[in-house]
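Nothing here was measured: the structure is a model prediction, and the numbers come from that model. The chains referred to below are lettered A, B, ... by the order of the sequence lines, with proteins before strands, and numbering in each begins at 1.
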Amino acid sequence: MREISFRDALREAMSDEMRRDNRVFLIGEEVAQYDGAYKVSKGMLDEFGPKRVIDTPISESGFAGLGIGAAMMGLRPIVEFMSWSFSLVAADPILNNAPKMLYMSGGQFGCPIVFRGNDGAGGQLGSTHSWCVESMYANVPGLKIIIPSTPYSAKGLLTQAIQDDDPVFCLESERMLSMTGDVPEESYTIPIGTADIVRTGSDCTIVSFGRPVHFCLEAAEALAREGIDCEVIDGRSIKPLDIDTFAASVRKTNYCVVVDQSWSFASVGSEVAAELHRVCFDDLDNHVHRVHSDDVPAPYASNLEQEMLPNARKICEAVRSVTYNA
Amino acid sequence: MTAIPMNQTDPTTESSPETEVVSLPTGDVLLGWLRDMMLIREFEVRSMQAYQNRLAGGFLHVYNGQEAVAVGTIAAVNSDDPVITAYRDHGHALARGMKPEVGMAELFGRIGGCAKGKGGSMHFFDAEHHMYGGHGIVGAQVPLGAGLAFATKYRDEVIDGGKSNHVTLCFMGDGAINQGAVHEAMNLAAVLELPVIFIVENNLYAMGTAVERCTAAGTHLVERARAYGMNAACLEGMDVLDVYRGMKPLVDRCRETSRPCWIDMRCYRFKGHSMSDPRKYRTHEEEEQWESRDPIERLAAWLVDRDLLTGENFKQLGKQVRSDIRQAVKWAEASPPPGLEELHHDVYTGNWGPYTGTSKPEFLRRRRDDQETSGA
């Protein structure tokens, strides 16, 4: 299999779907002439033309709402946010309109739309540009959230998202766009709501989402040298959550650490912990431990930022602690 | 010439340069407009009663006084052109053809309602009549309206190579024009050349705040649209014939050029913002003056003057409309509340977790079939 980058994988998903279905179009800031602020849409204007790859003014609320109106009429927009941090000014359309349209219209108007862009800190961008929106947005019924961690899952999940009849938020990471990996040339889908066991192990389950999955793998290697054999699960979707896969692993290992890059309060991590405590209460030999970003605004200074984020050291500490090896 | 709204500049001097004489439809059509306006008025009278009797809950924003706007503007577009509005939406839905009993049942929170009782007064949707809501957050529907116009144009240009040339009507109140989303949508519509007509139903008050207290240059709202390079006009909204005559050339031009257009539609709501509004921010004298320009009385008088209506016919029409709405109320009362299985229905289109798919998947499917048969 050939290796391509994460950004190429995202582009292949979009281009494949745009070739297959002429209702699909891409809209956002700098997606056309500039080839994408992060070059994800490079070359797409040349192939699909300006009617289907559309530059917008810097008006997130306006073009997010425009996409929703177009989706109500049966088109399948892909709306790119340069960063999910900028989606906050579009909170009303993406949280109040897209996920509620089907319900409030009694099933008359759906909203088959994808919002996608960079999520998460790590580039010394300061707090306003470093949002991890997953916990905040996952609270809203009516939407789905995917968070790929590899080029392979990026292509498969985004393809599925574009074909999905419900609004899907795709959380990518600027820090991973250049990462390469095996990706089939042909089109394929990964069902939303299915996790992937990326490392098998017998002593402790580590569940994570998006970029921190790689820190978990790094931690698992270090822990293996200490004799702790971790099973690492890439959640891949946040809504729906694949609790069944997490639970099956926990029933085997009896210990679990959840690693979630957003803040801890009312978070994806706390949701996973609560669900596992509910369904695996008798299988757990300790309560689920959690690793999050520290509850502070993301700092600029590199050392502080790295200290704030989940990292392999914190994950190792959590695994040792939960397995009584601290 | 029609009367000039108080404290406002003369609409006729603000109008767009079109001088074309618009011919009115036949007497039968005009009588239909009269009936539609009367139907809306009676619907609102009964919905206020229902609210007081606690048959309807939540917020209720009635349309009394503004009937000429919905009826006259919607008469100026095709029946399959999309319409979208804010929360004072009963008039637009009825003018669009929604059955009154379906609207009434929605107010009552019944399964027979347009959204099966899940939307309520502020969220009247009717796919069959191209009514895209009913939206509760001030100004939020305006980017959506731009999106509807985008989609009609995209379908013509990318999907079916057709020439349906739809025009979208996107209504908002004067309170909405200070929302950022509205300005973003206006700019987008101009930059992307979208065939949408933004209609500001300027009833002089954003809830209880007079236009001049909250809107810079509030007497010259058209300047806002012109700043975006948009064709803009100020129209008299208390007379359905004026509304229609003002709208028709703007609609034609929008359809032909695919350029957005913006209308400052001067009107007045006879009732409060909502049912809890004591209207202390305006005087009885002002209300009486505006009530003397009742759009229903006005059209009836015009028709009587031209022997298109007799006093007796007018009375009969009133009787008929009251009976129709009485029937609608009965129908709505007889419709049961949604079953509890509806709670988790229509959240997602498919089944997962507690969710049980959607009630009208055929609607989504139909759109896909359209696509396939159109050679996608």
Could you tell me which portion of [X] (side chain, backbone, both or neither) has an atom closer than 4.5 angstrom to a non-hydrogen atom of chain A?
X: B:L343; answer: both
X: B:E342; answer: backbone
X: B:H183; answer: neither
X: B:T152; answer: both
X: B:L194; answer: side chain
X: B:I137; answer: side chain
X: B:P82; answer: side chain
X: B:F124; answer: neither
X: B:M131; answer: backbone
X: B:Y154; answer: side chain
X: B:V347; answer: both

With a 6.0 Å cut-off on ring centres, are B:F59 and B:Y87 close enough? no
Among A:V268, A:L95, A:L88, which residue satisfies the side chain to side chain contact (heavy atoms under 4.5 Å, CB included) criterion with A:M136?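 Result: among A:V268, A:L95, A:L88, A:L88 is the only option passing the side chain to side chain contact (heavy atoms under 4.5 Å, CB included) with A:M136.
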Can you say whether A:I54 sits under 4.5 Å from chain B via the side chain, the backbone, both, or neither, judging by heavy atoms? side chain
Under a 4.5 Å heavy-atom cut-off, does chain B meet the side chain of A:P93, its backbone, both or neither? neither
Over 60° means perpendicular and under 30° means parallel, so tell me whether A:F115 and A:W84 are parallel, tilted or perpendicular. perpendicular
Looking at NZ of A:K51 and CZ of A:F25, how far apart are the two atoms once the value is rounded to the nearest 0.5 Å? 13.0 Å
Show the nearest heavy-atom pair for residues A:F109 and B:F125, with the distance to one decimal. CD1-CD2, 3.5 Å
